[in-house]
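Presented below is the structure to which this report refers.
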There are 2 protein chains.
Amino acid sequence: MIRIVIVEDQAMVRGALVALLSLEHDLEIVGEAPDSTTAINIVRATRPDVVLVDIELPDTNGIATVKMLAAELPDIRFIMLTTFGRPGYLQAAIAAGATGFLLKDSPSEQLAQSIRRVHNGVRAIDPDLAVAALTLGPNPLTPRQRDVLRMTRIGKSVQAIADELSLGMGTVRNYLSEAITATGAVNRHDAVRIAESRGWLD
Amino acid sequence: MIRIVIVEDQAMVRGALVALLSLEHDLEIVGEAPDSTTAINIVRATRPDVVLVDIELPDTNGIATVKMLAAELPDIRFIMLTTFGRPGYLQAAIAAGATGFLLKDSPSEQLAQSIRRVHNGVRAIDPDLAVAALTLGPNPLTPRQRDVLRMTRIGKSVQAIADELSLGMGTVRNYLSEAITATGAVNRHDAVRIAESRGWLD
DNA sequence: TCCGAACCATGACATTTGTCATGTCTCCCT
DNA sequence: AGGGAGACATGACAAATGTCATGGTTCGGA
């Protein structure tokens with residue numbers, strides 16, 4: 001019997017996944033969580049074999065959660081489940097200690113199979129995404145460029161960013177300009193969008 | 001026995017929803033579709049009692065799909081299922097002929113209940129969202145303002161938009177400016193984001 | 001130790017963007 | 001017929017944005 005915890009914020013999807021996995025006789029759902037905080041408590045309490053984690057969570061990022069839990073409980077296997085096939089996410093998830101990485105676009109039959117694979121210590125990673133992650137290469141943004149992009153993302157003005165980082169406005173604009181070039185974007189907002197879609201801002 | 005078709009693009013979620021509803025003995029899944037085109041064919045062929053439709057679909061919008069099918073097959077009930085609680089979506093869905101409107105954040109138990117309600121001709125609408133839709137009021141954007149916002153959304157420059165619409169650049173910039181004011185945004189990209197989140201661009 | 005690469009920081013300049021005043025046209029109400 | 005409301009259209013102006021040249025710092029390899 002493989003003991004499983006499911007971490008997924010959308011209640012309807014979470015309930016549906018529970019129903020899906022309950023159909024498999026060798027799998028047992030021992031816990032559910034809608035956010036990182038709950039997830040950490042439940043995993044510590046139940047010590048499951050496999051944890052299924054959605055990356056997009058309301059509080060902390062699912063990757064950070066896995067990183068913490070994987071360090072603390074090395075016997076537990078983690079499978080990331082995500083809507084977005086962002087190569088940067090895959091790279092980060094592997095680095096954090098995840099053994100599996102599935103897209104919500106994948107067929108539902110694959111979920112139970114991947115759980116069994118991962119439980120046996122075998123990696124279960126979407127092959128297309130693995131290729132994309134290799135093709136894409138590493139994050140081309142410098143720390144400062146990421147800073148200004150992140151602050152731009154939440155709607156801060158150049159003036160506000162300059163004040164907060166104790167920089168001249170020209171400097172901030174320059175980082176934005178460099179980030180625009182590095183991402184191949186056409187303006188700062190486009191750069192934010194592209195960097196985010198590649199998982200370069202986390 | 002209530003006969004159901006599920007329209008949802010993410011395969012894993014679709015499979016999970018099928019598993020969830022299969023647990024209910026008075027419900028029967030008679031078809032599944034990942035996009036609008038397939039959905040229309042399946043619904044015509046199977047004539048279900050209730051169709052569950054995700055709004056965010058890869059090809060056509062789920063609302064447009066319901067509009068067409070509801071006009072053609074008035075005996076069938078439709079429930080919209082969506083990640084985003086956008087009041088404009090609710091307004092548009094009701095206008096298109098949907099009887100139910102659920103968020104993926106809602107508890108999964110509610111799904112089967114809503115299907116039974118809707119099958120009996122009773123509306124099943126998230127109460128918070130209903131209030132929000134009433135509070136928000138109608139779309140404040142003029143057709144031209146929507147045009148330029150839509151084109152801005154897909155990354156077109158002012159010059160490109162002006163050319164395509166045979167307008168002066170000043171005119172296009174003015175529509176953007178008006179849209180920024182109307183949405184309460186701080187710049188054109190913010191205006192796109194806000195208008196989109198309210199369902200004002202479809 | 002010297003050199004080059006990478007990152008940080010700034011200001012000058014040209015372009016793009018947002019606002020506003022103005023005018024036209026159509027449609028509806030009186 | 002007159003008059004107002006609302007949408008369309010434009011150009012002038014001020015402010016924000018993107019680019020570029022330049023210089024400083026740190027750090028690792030030759």
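Proteins come first, then strands; the chains are lettered A, B, ... in the order of their sequence lines, and each starts at number 1. Note that this is a predicted model, so its numbers are computed, not measured.
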Under 4.0 angstrom between Arg188(B) side-chain N/O and dT17(C) OP1 or OP2 = yes

What donor-acceptor contacts under 3.5 angstrom involve side-chain atoms of residues 66-74 of chain A, with partners at least two apart or in another chain?
residue  : atom : partner  : partner atom : Å
Glu72(A) : OE1  : Arg44(A) : NE           : 3.3
Glu72(A) : OE1  : Arg44(A) : NH2          : 3.0
Glu72(A) : OE2  : Arg44(A) : NE           : 2.8

Partners passing ring pair (Phe, Tyr, Trp, His ring centres under 6.0 Å) against His119(B) (at least two apart in sequence or in another chain) = none

key: Set of residues satisfying side chain to side chain contact (heavy atoms under 4.5 Å, CB included) with respect to Ala92(A), sequence neighbours excluded   = Ile63(A)

Collect all protein-nucleotide pairs involving nucleotides 4-8 of chain C in which both atoms are nitrogen or oxygen and the distance is under 3.5 Å.
residue : atom : partner   : partner atom : Å
dC8(C)  : OP2  : Thr142(A) : OG1          : 2.9

With sequence neighbours excluded, residues passing side-chain hydrogen bond (donor to acceptor under 3.5 Å, both in side chains) with Glu24(A) = Arg116(A)

key: Any residue meeting side-chain hydrogen bond (donor to acceptor under 3.5 Å, both in side chains) with Arg146(B), in chain and number order, not counting sequence neighbours   = none

ask   = Does the distance from a Lys or Arg side-chain N to an Asp or Glu carboxylate O, for Lys104(A) and Asp54(A), drop under 4.0 Å?
value = yes

ask   = Can you list the residues that meet the side chain to side chain contact (heavy atoms under 4.5 Å, CB included) rule with Arg14(A), with sequence neighbours excluded?
value = Ile6(A), Glu8(A), Ala11(A), Glu32(A), Pro34(A)

Anything under 3.5 Å between a donor and an acceptor, one on a side chain of residues 168-175 of chain B, the other on a protein residue two or more places apart or in another chain? List them.
residue   : atom : partner   : partner atom : Å
Asn174(B) : ND2  : Glu178(B) : OE2          : 3.1

ask   = With sequence neighbours left out, what residues match Ile94(B) under side chain to side chain contact (heavy atoms under 4.5 Å, CB included)?
value = Leu90(B), Arg123(B), Ile125(B)

Could you go through nucleotides 22-29 of chain C and list every protein N or O atom that sits under 3.5 Å from one of its N or O atoms, giving the distance for each pair?
none

task = Could you check whether Gly168(B) gets within reach of a base, just the sugar-phosphate, or nothing at all, counting any heavy atom under 4.0 Å?
result = sugar-phosphate

query = For DNA chain D, which nucleotides open and close the run of contacts to chain A, 5' to 3', at under 4.0 angstrom from a non-hydrogen atom?
reply = dT17(D) to dC20(D)

message = Ser36(B): which residues meet the side chain to side chain contact (heavy atoms under 4.5 Å, CB included) condition with it, sequence neighbours left out?
response = Leu57(B), Asp59(B), Thr60(B), Thr65(B)

